[in-house]
Amino acid sequence: MKQRPDPVVSGFSVDLMHHDFATLSPTKWLNDEIINFYGQLIMERTKNEPSKYPKIHFFNTFFYSTLKDQGYKSVRRWSKKFDIFALDYVIIPVHLGMHWCCSLLNMKKKRIEYYDSLLGGNPTLFKIYRNYLQEESMDKKKIPFDFTGWSDYCPKDIPRQENGFDCGVFTCMFAEYSSREAEFDFSQEQMPYLRQRIVYELCTKRLLASN
């Protein structure tokens, strides 16, 4: 019987294997496991220092596609242990088949935010999230969601990807920076370093960036 290889790192009920870390090599696309583990590190940092960081939740990479393809009932239980309306930010990575983007439900500024390192738009996503907020409110609060003052936000003056493979790293950075309300000051030139830094952070299970 073939023995399963030992994981490189384990945490959050997830094993990261050598083939997962291989996606952090230069020119490779990040996979779901890397992005989801990184999201867990973002939430762990917030949990450990709640007075320093905003209240957040990071939905995994399967949330958006499940919601889009199967509707609200398929993700209804994903928030059974917390109240999304009591948070500051809900961070949701978005996989578009061959491209990663980052989206946020910004409860503080009443915005649905979409960050695409190729500067694309996604009108469908905004409609899906508005419907999600409405259904989540009706299900959990038994009242319609109040969209007064809410807006869709898809800025173009953000760090831009200049190749066809760094989108996952940009997505991780958009998420990490947003989780501590930092200005996006990273760039394409930093991607090789950021890939190496993510490897270190995953192996030590601790994010280096703080403010």
Run the numbers on Val94 and Cys102 for side-chain contact (heavy atoms from CB on, under 4.5 Å), then give the verdict. CA-CA 6 Å; Val94 176; Cys102 183; over 6 Å; no

Between Tyr153 and Asn106, does a side-chain hydrogen bond (donor to acceptor under 3.5 Å, both in side chains) hold up when you go through it step by step? CA-CA 10 Å; Tyr153 184 68; Asn106 187 331; over 6 Å; no

Kindly determine whether Leu104 and Ile92 satisfy side-chain contact (heavy atoms from CB on, under 4.5 Å), including the steps that lead there. CA-CA 6 Å; Leu104 273 80; Ile92 309 165; over 6 Å; no

Where do Glu176 and Leu207 land on the side-chain contact (heavy atoms from CB on, under 4.5 Å) test, with the steps shown first? CA-CA 9 Å; Glu176 191 279 314; Leu207 297 179; 4.2 Å; yes

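For the atom pair CD1 of Ile35 and CG of Asp20, the computed distance is 11.5 Å after rounding to the nearest 0.5 Å. How far CG of Asn122 is from NZ of Lys68: 8.5 Å, rounded to the nearest 0.5 Å. Here the straight-line distance linking atom CG of Asn60 with atom CG of Asp32 works out to 8.0 Å at 0.5 Å rounding. Atoms CD and OG, from Glu113 and Ser151 in turn, are 8.0 Å apart once rounded to the nearest 0.5 Å. Remark: His57 NE2 to Ile91 CD1 distance equals 10.0 Å, nearest 0.5 Å. Note that CG of Asp116 and SG of Cys101 are 3.5 Å apart. Values are rounded to the nearest 0.5 Å.
Salt bridge Arg76/Glu136: absent, no basic N to carboxylate O contact under 4.0 Å. Here Arg111 does not pair with Asp152 in a salt bridge; the nearest charged N to carboxylate O distance is not below 4.0 Å. Look at Arg197 and Glu201 and you find a salt bridge, because one of the NZ, NE, NH1 or NH2 atoms lies within 4.0 Å of a carboxylate O, short of that distance. Contact check on Glu135 versus Lys140 returns no salt bridge, with no Lys/Arg side-chain nitrogen under 4.0 Å from an Asp/Glu carboxylate oxygen.
In this structure, Glu181 and Tyr53 have side chains that are not in contact, with every pair of non-hydrogen atoms separated by 4.5 Å or more. By the 4.5 Å heavy-atom criterion applied to side chains, Leu87 and Ile56 are not counted as neighbours. Side-chain contact between Phe186 and Val169 is absent, with no heavy-atom pair separated by less than 4.5 Å. Contact of the Leu194 side chain with the Asp166 side chain is not registered, since no non-hydrogen atoms from C-beta on lie closer than 4.5 Å. In this structure, the side chains of Glu162 and Met191 stay at 4.5 Å or more apart for every pair of heavy atoms. Using a 4.5 Å heavy-atom cutoff, the side chains of Ser10 and Asp15 are in contact. You'll find the side chain of Val9 reaches within 4.5 Å of the side chain of Lys205, heavy atoms only. Taking 4.5 Å as the limit, every side-chain heavy atom of Tyr38 sits out of range of all side-chain heavy atoms of Glu33.
Residue Phe82 is not grouped with residue Tyr89 when hydrophobic side chains (ILVMFWY) are merged at heavy-atom distances under 4.5 angstrom, including chains of intermediate members. Neither Leu24 nor Met17 shares a network with the other; the hydrophobic side chains, linked directly or stepwise wherever heavy atoms of I, L, V, M, F, W or Y lie under 4.5 Å apart, form separate groups for each. Note on Leu125: it does not cluster hydrophobically with Phe170, by side-chain heavy-atom contacts below 4.5 Å among ILVMFWY residues. A continuous path of ILVMFWY side-chain contacts below 4.5 Å connects Met107 to Val75, so both sit in one hydrophobic cluster.
No more than 12 heavy atoms of other residues, nucleotides or ligands lie within 6.0 Å of NZ in Lys81, so this atom counts as exposed by the packing criterion.
Among residues at least two apart or in separate chains, ring pair (Phe, Tyr, Trp, His ring centres under 6.0 Å) pairs with a member in residues 99-145 are Phe63-Tyr132, Tyr64-Tyr129, Tyr72-Tyr132, Phe85-Phe145, His95-Trp100, Tyr115-Phe174, Tyr115-Phe184, Phe145-Phe147, Phe145-Trp150.
A distance-only check finds a donor-acceptor pair linking the side chain of Gln161 to the backbone of Asn163 [under 3.5 Å]. With Ser137 contributing its side chain and Ile143 its backbone, the two residues share a donor-acceptor pair below 3.5 Å. Between the side chain of Asn48 and the main chain of Glu44, a donor-acceptor pair closer than 3.5 Å is present. Checked by atom type and distance alone, the side chain of Lys156 pairs as donor or acceptor with a backbone atom of Leu119 at under 3.5 Å. Side-chain atoms of Arg195 come within 3.5 Å of backbone N or O of Lys28 as a donor-acceptor pair. Checked by atom type and distance alone, the side chain of Ser74 pairs as donor or acceptor with a backbone atom of Thr66 at under 3.5 Å.
Residues Ser179 and Arg45 have side chains that bring a donor and an acceptor to within less than 3.5 angstrom of each other.
Ring centers of His19 and Phe21: at least 6.0 Å apart, outside the cut-off.
A search for ring pair (Phe, Tyr, Trp, His ring centres under 6.0 Å) contacts involving Phe12 returns Phe37, not counting sequence neighbours.
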